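Before any comments, here is the structure.
Predicted model, so just to flag it, every value in this text is computed and none were measured. Atoms within a ligand are numbered from 1 in the order they appear, just like the ligands themselves.
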Amino acid sequence: MTLIDGKALSNKIQQEIEEEVNKLKQEGIIPGLAVILVGNDPASHTYVNMKEKACERVGFYSIVHKMPETISQEEIIETIKMMNNNSRIDGILVQLPLPKHIDTNKILEVIDPAKDVDGFHPYNMGRVVEGLDSFAPCTPIGVMEMFKEYNINLQGKDICVVGASNIVGKPMAALLVNANATVTITHIYTKDLASHTKKADIIIVGAGKPNLITADMVKEGAIVIDIGINRLSDGRLVGDVDFENVSKKCSFITPVPGGVGPMTIAMLLKNTLTAAKKRRNK
Ligand code: GUN
């Protein structure tokens with residue numbers, strides 16, 4: 001069994017980004033990321049802190065707009081429009097989830113697609129599905145980078161994606177289909193999850209449920225990518241996979257923490273760098 005080291009790969013990518021930023025700085029270019037954070041969700045605050053620190057590490061300019069839980073949709077939209085027109089900002093990210101009174105789709109559609117470094121705008125999502133050059137959501141492209149790094153060929157593979165969110169499952173499936181894999185997407189209404197996972201050469205799970213994938217659900221030699229991040233009541237961070245038992249059957253597996261999570265951050269930085277270069281025709 002090979003452990004897929006997302007942390008090491010993320011560090012390597014961040015180093016490459018830092019080197020490129022140093023070159024851009026000589027031309028007076030500093031990539032900039034604006035993050036909008038609404039409310040007090042502790043996990044969202046943790047993620048945004050990590051994103052801010054990562055920006056600092058590679059030499060980006062970054063700002064975080066913290067807004068109270070009670071903010072109106074119009075005020076968020078006005079802030080995004082300001083960022084769309086701010087020449088120091090190359091990437092705009094609205095941390096999700098948003099409070100219930102906010103229509104998330106309406107918010108995401110206001111972001112200039114050229115600054116949509118999360119790849120959540122329907123324009124970019126459509127381009128991802130069509131296999132065109134575009135910003136794609138950071139977690140799925142982070143997983144694709146892992147496959148590339150570990151020389152895992154996807155063509156003709158049976159891949160089961162567990163979870164059908166707009167952020168992870170759906171764009172993940174689109175990227176895999178474009179890499180010529182045969183993809184099954186399962187979700188909470190799937191009748192018999194195990195019947196699908198057992199047949200899969202590769203299982204990619206992002207459902208947010210500890211121990212959802214157990215050893216009896218995994219084929220011998222399968223590759224398992226765990227996108228889940230769950231905080232247990234004892235404070236431990238675990239994924240969606242029963243790592244201890246599933247890892248014994250796998251050819252490759254990602255750990256939690258230290259797997260997909262750090263890759264998401266690296267891909268956010270990469271998308272922001274790409275946005276900064278594209279805006280200047282580089
Ligand atoms: N919430 C959970 N994951 C993400 C992500 O990748 N981007 C944003 N903006 N919000 C999230």
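- Counting heavy atoms of neighbouring residues, nucleotides and ligands inside a 6.0 Å radius, atom CD of E27 exceeds 12 of them.
- For ligand 1, the protein residues placed under 4.0 Å by at least one non-hydrogen atom are K51, L93, V94, Q95, L96, D118, F120.
- Counting only residues at least two apart or on different chains, the side chain to side chain donor-acceptor pair (under 3.5 Å) pairs with a member in residues 56-81 are Q14-R57, S72-E75.
- Among residues two or more places apart in sequence or in another chain, the side-chain hydrogen bond (donor to acceptor under 3.5 Å, both in side chains) test is passed with E20 by K277.
- Considering T197, D158, D201 in turn, D201 is the only one that fulfils the side chain to side chain donor-acceptor pair (under 3.5 Å) rule with K219.
- Under the rule for a side chain to side chain contact (heavy atoms under 4.5 Å, CB included), the partners of S44 that lie at least two apart in sequence or sit in another chain are L37, D41, Q95, P97.
- Among E149, E19, E145, the single residue meeting the salt bridge (charged side-chain N to carboxylate O under 4.0 Å, His left out) criterion with K12 is E149.
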